[in-house]
Amino acid sequence: MTRDFTGNFTQQEAIPQAGIDAALRVMQHGRLHRYNVVQGEVAEAVSLELEFAAYMGVKFCLSVASGGYALAAALRAVGLGQGDKVLTNAFTLAPVPGAIANAGGVPVFVEVTDDLVMDLDDLQSKIATSGARHLMLSHMRGHIVDMDALMAICDASGVTVIEDCAHTMGAKWNGVLSGRHGLVSCYSTQTFKHINSGEGGLLLTDDAQVMARATMLSGSYMLYGSHEAGAPDATFKDISLDTPNCSGRMDNLRAAILRPQLAALDGQAQKWNARYRRMEAGLKNVAGLRLITRSEKEHYVASSFQFTLPDWNKDKVRDVQKRCATRGVELKWFGADAPTGFTSRHDSWRYVDAQKLPQTDRVLAGLLDMRLPLTFSLEDCDLLAAIIREEVNAAYQAGI
Ligand SMILES: *Cc1c(COP(=O)(O)O)cnc(C)c1O
């Protein structure tokens with residue numbers, strides 16, 4: 001038996017020194033609000049928006065208070081009406097159905113596949129049966145569905161796609177950056193995502209009307225003219241007075257912290273993926289354990305790691321989770337009867353009418369999930385994989 005693991009699964013890296021220095025400058029001058037600038041000054045929030053728009057190759061970018069805020073604002077900005085249905089993943093995190101509810105929508109859940117992406121056959125049939133005109137697609141845990149096929153389905157049926165890229169900042173499908181397929185894409189800069197400002201979100205689109213509405217929603221007053229990565233002033237003509245102010249702006253302090261992290265994103269992605277591959281290599285050919293198959297077209301940024309124990313008895317999965325926990329390996333299980341931490345799932349969200357999702361229930365019953373912070377070394381990943389391998393083996397031999 002290898003030794004136990006002593007690392008901390010929730011410990012992210014420190015903010016880079018350039019971010020700390022920039023944050024200190026903002027605090028020294030005191031102009032933390034994005035619209036509080038002196039003559040000739042470009043707010044940190046504006047610079048962040050310009051830089052992220054350039055990185056993504058998109059026309060417009062808006063920084064906001066959280067990823068969940070961006071998702072709700074996106075739905076309102078594309079014209080979702082009260083009570084309208086919104087297709088979304090049955091396997092995602094609570095802020096996604098929460099954002100739909102916040103925007104007055106009603107979630108319609110789409111099944112997940114064994115490889116943790118949206119089931120496109122189920123999507124097609126639920127577009128037909130629900131009559132929904134909007135899809136909020138969550139690239140949950142960084143697994144990217146065949147985006148060419150998904151967009152073909154949605155375009156053919158007039159479904160507007162909003163992408164939740166909380167776990168795919170910097171990732172690509174078939175050479176196209178994640179977030180460049182739908183009409184709007186939303187990112188989170190919350191501590192456990194790819195860039196960290198504690199809380200924060202970003203919203204992208206090429207559509208000037210949508211961006212103008214999102215900007216007004218975020219609480220622009222009539223100061224939208226300073227949004228250099230925003231919609232042209234003329235677009236606001238009617239929108240500015242017809243759109244409510246639902247304050248949710250990002251401040252200059254957070255933006256200052258994020259800018260150096262954005263510049264380092266691609267390098268960080270390589271580090272995450274190196275860790276992911278070490279985990280994957282260490283868990284190959286373990287009886288009873290299924291690794292997630294990933295398409296060659298998917299260029300992921302693997303800030304977390306998942307595997308499944310397909311068709312195992314629930315008690316046995318719980319047993320593996322416990323065995324690993326006693327050895328310092330924190331696995332989150334999406335099959336437990338009651339959610340703990342972030343493991344809620346479609347049947348935990350009781351503000352939504354119950355929906356039958358047998359395939360998702362089967363997949364989640366055996367799904368284990370692990371954070372992969374960059375404070376873990378490659379050797380840490382070898383140890384983590386060895387412990388999981390040993391404990392899955394032991395449980396498997398005792399019978400599943
Ligand atoms: C974190 C997260 C969000 C929203 O992020 P917040 O910034 O915490 O509101 C949305 N979707 C998924 C899948 C997430 O993990």
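The analysis underlying the following values was restricted to heavy atoms, covering all of them including side chains, and did not include hydrogens, waters or symmetry mates. Indexing begins at 1, ligand by ligand and atom by atom, following the structure's order.
- Cation-pi contact between Arg294 and Tyr276: present, with separation from the ring centre below 6.0 Å and deviation from the ring axis of at most 45°.
- The backbone N or O of Ser138 lies less than 3.5 Å from a partner atom in the side chain of Asn89, making a donor-acceptor pair.
- Within a 6.0 Å radius of CG in Asn285, other residues, nucleotides and ligands contribute 12 heavy atoms or fewer.
- Phe5 and Phe376 have their aromatic ring centers within a separation under 6.0 angstrom.
- Note: Phe192 and His167 fail the aromatic proximity criterion, with ring centroids not under 6.0 Å apart.
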Between ligand 1 and the protein, tabulate every N or O atom pair separated by less than 3.5 Å, reporting distance only.
residue  : atom   : partner : partner atom : Å
ligand 1 : 5 (O)  : Ser188  : OG           : 3.3
ligand 1 : 7 (O)  : Gly67   : N            : 2.8
ligand 1 : 7 (O)  : Ser188  : OG           : 2.7
ligand 1 : 8 (O)  : Gln190  : NE2          : 2.9
ligand 1 : 9 (O)  : Gly67   : N            : 3.4
ligand 1 : 9 (O)  : Gly68   : N            : 2.7
ligand 1 : 11 (N) : Asp164  : OD1          : 3.3
ligand 1 : 11 (N) : Asp164  : OD2          : 2.8
ligand 1 : 15 (O) : His167  : NE2          : 2.6
ligand 1 : 15 (O) : Lys193  : NZ           : 2.8

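- Under a cutoff of 6.0 Å and an axis angle of 45°, Arg141 and Phe342 form a cation-pi pair.
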